[in-house]
Each structure stands twice: as C-alpha cells, then as structure tokens.
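Written out below as structure tokens is the structure these notes cover.
Sequence positions, counted from 1, serve as the residue numbers for this chain.
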Amino acid sequence: VQLVESGGGTVQAGGSLTLSCAASGFIFSDSAMSWYRQAPGKQRALVASISRGGSANYQDSVKGRFTISRDNGKTTVYLRMNSLKPEDTALYYCNVVLDTWYWGQGTQVTVSS
C-alpha cells in the first residue's frame, strides 16, 4: 500500500489549496479514504472522509470550506480547501484502513494571517 500526498504549500488567509493523494497497492474503489491533519503540539485529527460510494463527512471546523472527493479511475482522493484560516496550518495526511492503518508521508499546509 502506498499513499502519496501532494499539493501543500503556503497561502494567505482566505486562500485556497487542493491536496491530492495518489493511492496504490489496494482496491481503491472498495475503500473509504480519509484526510487527517496534525498541527504542532496537537494530536492528529480527522478532517474529512469519503466512503467508497462517495458519501462525505467533515470535521465541524471545516464544514462549508473543505470538500473531499475521489476519482476511482485515477485512484486519487482530493481535498479542496477554501477560505483557509491560520488555524488550518498543519501537516495533512491521507489515510486508508485495511488490515491496518496506512498513512502517507504528509504534505504541509501553512496559512499566514
């Protein structure tokens, strides 16, 4: 199993970014996928998840601003982040739970005020 995140960067508050997670080594279309984030000094927390059927769930703090989506043909999951706030600054991880929990290496998102 391999999860490779990309798309992080530094943006000003109010800006947007789209994260991508390219997945391989498992049946992507059969698997729920998630995005987590970890800010300095804080625990890793769930941001959004999407079922294999495309149903999405979000952490309350990102509802209405973030959108998770998936492309089964490209075996990629996305996180579109709009109206970014400084408190969104974190290392963002892609996750899939199969026989165990798998993580990507993370992509850094920094939002300046």
Side-chain angles (χ1 to χ4, degrees):
V1 173
Q2 190 171 22
L3 302 171
V4 180
E5 301 98 334
S6 61
T10 300
V11 296
Q12 290 189 330
S16 298
L17 283 174
T18 298
L19 306 183
S20 299
C21 171
S24 61
F26 62 101
I27 304 175
F28 182 84
S29 58
D30 283 352
S31 304
M33 301 294 299
S34 300
W35 285 97
Y36 282 73
R37 67 186 179 186
Q38 187 167 18
K42 295 188 176 181
Q43 290 189 333
R44 195 171 298 188
L46 178 66
V47 176
S49 60
I50 186 165
S51 71
R52 60 182 184 176
S55 297
N57 287 288
Y58 300 94
Q59 180 191 96
D60 285 347
S61 66
V62 308
K63 284 181 180 177
R65 300 189 297 122
F66 290 11
T67 303
I68 189 171
S69 61
R70 64 190 298 156
D71 184 332
N72 290 340
K74 295 182 178 179
T75 65
T76 299
V77 60
Y78 304 95
L79 187 67
R80 174 67 177 177
M81 306 184 294
N82 295 327
S83 303
L84 282 162
K85 304 176 181 179
E87 51 264 44
D88 295 317
T89 294
L91 193 57
Y92 283 70
Y93 296 93
C94 183
N95 166 265
V96 64
V97 181
L98 302 169
D99 56 315
T100 187
W101 289 61
Y102 292 93
W103 302 94
Q105 82 286 353
T107 186
Q108 177 68 39
V109 172
T110 302
V111 184
S112 60
S113 56

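With rounding to the nearest 0.5 angstrom, the OG atom of Ser55 is 11.5 Å from the CD1 atom of Ile68. Once rounded to the nearest 0.5 Å, the distance linking CZ of Phe66 with CG of Leu19 reads 8.0 Å. Note that the CD atom of Glu5 and the CD atom of Gln105 stand 4.5 Å from one another [nearest 0.5 Å]. With rounding to the nearest 0.5 Å, the separation of SG in Cys21 from CZ in Arg70 is 10.5 Å.
Of all heavy-atom pairs spanning Phe28 and Ala23, the tightest one is CD1-CB, 3.7 Å. Closest of all the heavy-atom pairs between Ala22 and Thr76 is CA-OG1, 4.0 Å. Pairing each heavy atom of Pro86 with each of Ser113, the nearest pair is CG-CB, 3.8 Å. Taking all atoms of both residues into account, the shortest heavy-atom contact from Leu17 to Leu84 is N-CD1, 3.9 Å.
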key: Candidate pair Leu3 and Phe26, rule side-chain contact (heavy atoms from CB on, under 4.5 Å), full reasoning   = CA-CA 10 Å; Leu3 302 171; Phe26 62 101; 4.0 Å; yes
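Listed by chain and residue number, Lys63 satisfy the salt bridge (charged side-chain N to carboxylate O under 4.0 Å, His left out) test with Asp60 (two or more places apart in sequence, or in another chain). Take Thr67 and apply the side-chain contact (heavy atoms from CB on, under 4.5 Å) test, not counting sequence neighbours, and it matches Tyr58, Arg80.
Taking the side chain as every heavy atom from C-beta outward, Glu87 and Val111 never approach each other to under 4.5 Å.
Taking hydrophobic clusters as Ile, Leu, Val, Met, Phe, Trp and Tyr residues chained together by side-chain heavy-atom distances below 4.5 Å, Tyr93 shares a cluster with Trp101.
In this structure, Asp71 contributes its side chain and Val77 its backbone to no donor-acceptor pair below 3.5 Å.
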Just distance, no hydrogens or angles: give the donor-acceptor pairs under 3.5 Å from side chains in residues 33-50, sequence neighbours left out.
from  : atom 1 : to    : atom 2 : distance (Å)
Trp35 : NE1    : Tyr78 : O      : 3.4
Arg37 : NH1    : Asp88 : OD1    : 2.9
Arg37 : NH1    : Tyr92 : OH     : 2.9
Arg37 : NH2    : Gln59 : OE1    : 3.1
Arg37 : NH2    : Ser61 : OG     : 3.4
Gln38 : OE1    : Arg44 : NE     : 3.4
Gln38 : NE2    : Lys42 : O      : 3.1

